[in-house]
K.L.:
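Before I ask anything, let me first share the structure, which is written out below as structure tokens.
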Amino acid sequence: MQTLLLLLKHAETERDAALAACERATRAERAATAQLQQLLAYRSDYELRWTDQFRSGGAMALVLCYHEFMGRLSQAVEQQQQATQSAGATRDAVATSLRERELRVASVGKLIERRSREIRLSGERREQQQFDEMAARIVRAAPVGMDFVATR
């Protein structure tokens, strides 16, 4: 039984570590998503602001700078989308690992419960057998003709 309790403690430690990793991965995914949303909002605002300004006329050098910056901003958005997807995949993998660890803890807990019940039942059977043997000895030791009723 001591070995099973040690196994349970180890499984719980692994589960707790997986839970912490899952929480970190979830926070990282949320942060990546928030950063992506900020980049998208900034790009949209930037496009609107410069589109209005170009309607009133603008120098060709300024238009080239705008297009170059928009290209870099679009690259940043794409990179952040990839980072967000990667963070989501990491979170999914860690969540799967957490579920496996939780299942192991539950399995070991059930095994301990079953073994405890077996030990308890075995003790009860042994105790009943001892009681029955003692009652049989008392009945055999009683003088003939003496009525003795054993109660349980």
Side-chain angles (χ1 to χ4, degrees), residues 1-137 150-152:
M1 186 62 113
Q2 196 68 11
T3 305
L4 288 176
L5 292 173
L6 186 61
L7 180 62
L8 178 63
K9 184 167 180 66
H10 180 69
E12 287 174 339
T13 300
E14 286 182 340
R15 180 213 44 214
D16 294 345
L19 179 61
C22 190
E23 289 171 355
R24 283 191 305 273
T26 299
R27 283 193 304 272
E29 181 187 26
R30 286 183 185 145
T33 301
Q35 190 171 5
L36 175 61
Q37 295 304 319
Q38 288 175 341
L39 278 171
L40 290 170
Y42 179 75
R43 183 174 68 178
S44 178
D45 290 344
Y46 190 79
E47 284 176 330
L48 286 174
R49 188 173 51 235
W50 282 98
T51 300
D52 289 341
Q53 190 164 5
F54 288 142
R55 285 190 185 134
S56 61
M60 186 53 117
L62 191 58
V63 172
L64 290 175
C65 286
Y66 165 79
H67 281 290
E68 187 176 316
F69 182 74
M70 283 303 293
R72 288 185 183 145
L73 191 54
S74 292
Q75 284 179 332
V77 167
E78 289 172 16
Q79 287 176 339
Q80 193 58 38
Q81 285 171 333
Q82 291 172 355
T84 302
Q85 289 172 350
S86 176
T90 299
R91 183 197 37 81
D92 290 345
V94 172
T96 299
S97 175
L98 174 60
R99 282 190 296 277
E100 290 170 358
R101 301 297 187 274
E102 287 174 338
L103 182 61
R104 180 153 176 89
V105 167
S107 297
V108 172
K110 286 283 187 186
L111 182 59
I112 289 172
E113 192 178 299
R114 193 174 313 129
R115 291 281 165 88
S116 295
R117 186 173 50 250
E118 289 172 2
I119 290 170
R120 183 180 46 78
L121 289 174
S122 175
E124 288 174 0
R125 277 189 230 109
R126 189 173 30 258
E127 189 178 304
Q128 182 63 45
Q129 184 180 10
Q130 289 171 352
F131 179 76
D132 291 346
E133 288 173 2
M134 185 171 49
R137 275 188 235 127
T151 60
R152 283 194 193 186

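In what follows, every heavy atom counts, from backbone to side chain, and hydrogens, waters and symmetry copies are set aside.
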K.L.:
Using a strict cut-off of less than 4.0 Å between a Lys/Arg side-chain nitrogen and an Asp/Glu carboxylate oxygen, indicate whether Glu102 and Arg15 qualify as a salt bridge.
P.N.:
no
K.L.:
Could you walk me through whether Leu4 and Leu8 pass the side-chain contact (heavy atoms from CB on, under 4.5 Å) check?
P.N.:
CA-CA 6 Å; Leu4 288 176; Leu8 178 63; over 6 Å; no
K.L.:
Looking only at non-hydrogen atoms, find the nearest pair between Ala87 and Glu29 and report the distance.
P.N.:
CB-CA, 3.7 Å
K.L.:
Does Gln2 reach the side chain of Leu5, with side-chain heavy atoms less than 4.5 Å apart?
P.N.:
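Yes, side chains in contact.
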K.L.:
Please assess Leu6 against His10 for the test side-chain contact (heavy atoms from CB on, under 4.5 Å), listing each intermediate value before the final yes or no.
P.N.:
CA-CA 6 Å; Leu6 186 61; His10 180 69; 5.9 Å; no
K.L.:
Checking Glu68 now: which residues fulfil salt bridge (Lys or Arg N to Asp or Glu O under 4.0 Å) with it, not counting sequence neighbours?
P.N.:
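Residues passing salt bridge (Lys or Arg N to Asp or Glu O under 4.0 Å) with Glu68: Arg72.
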K.L.:
With rounding to the nearest 0.5 Å, note down the distance linking CZ in Arg114 to CD1 in Ile112.
P.N.:
11.0 Å
K.L.:
Would you kindly say whether Ser107 and Arg104 are connected by a side-chain donor-acceptor distance under 3.5 Å?
P.N.:
no
K.L.:
Would a 4.5 Å heavy-atom cut-off, applied to side chains only, mark Arg115 and Glu118 as touching?
P.N.:
yes
K.L.:
Could you state the interatomic distance from CG (Leu73) to CD (Glu78), rounded to the nearest 0.5 Å?
P.N.:
10.5 Å
K.L.:
With heavy-atom distances below 4.5 Å as the criterion, would you say the side chains of Leu7 and Thr3 are in contact?
P.N.:
no
K.L.:
Return the set of residues passing side chain to side chain donor-acceptor pair (under 3.5 Å) with Arg43 (not counting sequence neighbours), or none when no residue passes.
P.N.:
Ser74
K.L.:
Report, as yes or no, whether the 6.0 Å neighbourhood of atom CD on Glu127 holds more than 12 heavy atoms from other residues, nucleotides or ligands.
P.N.:
no
K.L.:
Tyr42 vs Phe69 aromatic rings, parallel, tilted or perpendicular, using cut-offs 30° and 60°?
P.N.:
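Rings of Tyr42 and Phe69: perpendicular, over 60°.
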K.L.:
Nearest 0.5 Å please: distance from the OG atom of Ser44 over to the CZ atom of Arg49.
P.N.:
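Rounded to the nearest 0.5 Å, the OG-CZ separation comes to 10.5 Å.
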K.L.:
When rounded to the nearest 0.5 angstrom, what is the spacing between OG in Ser97 and CG in Asp92?
P.N.:
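Those atoms lie 12.5 Å apart.
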K.L.:
About how many Å separate SG of Cys65 and CE of Met70, when rounded to the nearest 0.5 Å?
P.N.:
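Here the rounded value is 14.0 Å.
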K.L.:
Residues two or more places apart in sequence or in another chain: which of them pass salt bridge (Lys or Arg N to Asp or Glu O under 4.0 Å) with Arg125?
P.N.:
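Testing Arg125 for salt bridge (Lys or Arg N to Asp or Glu O under 4.0 Å), a comparison that skips the adjacent residues, returns none.
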K.L.:
With a 4.5 Å limit on heavy-atom distance, are the side chains of Glu124 and Gln128 in contact?
P.N.:
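Not touching, per the 4.5 Å side-chain cut-off.
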K.L.:
Under 4.5 Å between any side-chain heavy atoms of Gln80 and Thr84, yes or no?
P.N.:
yes
K.L.:
Between Ser86 and Gln82, is there a donor-acceptor pair closer than 3.5 Å when you use the side chain of the first and the backbone of the second?
P.N.:
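No, the answer is negative, given that no donor and acceptor are paired below the 3.5 Å cut-off.
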K.L.:
Of all heavy-atom pairs between Val77 and Leu39, which one has the smallest distance, and what is that distance?
P.N.:
CG2-CB, 4.0 Å
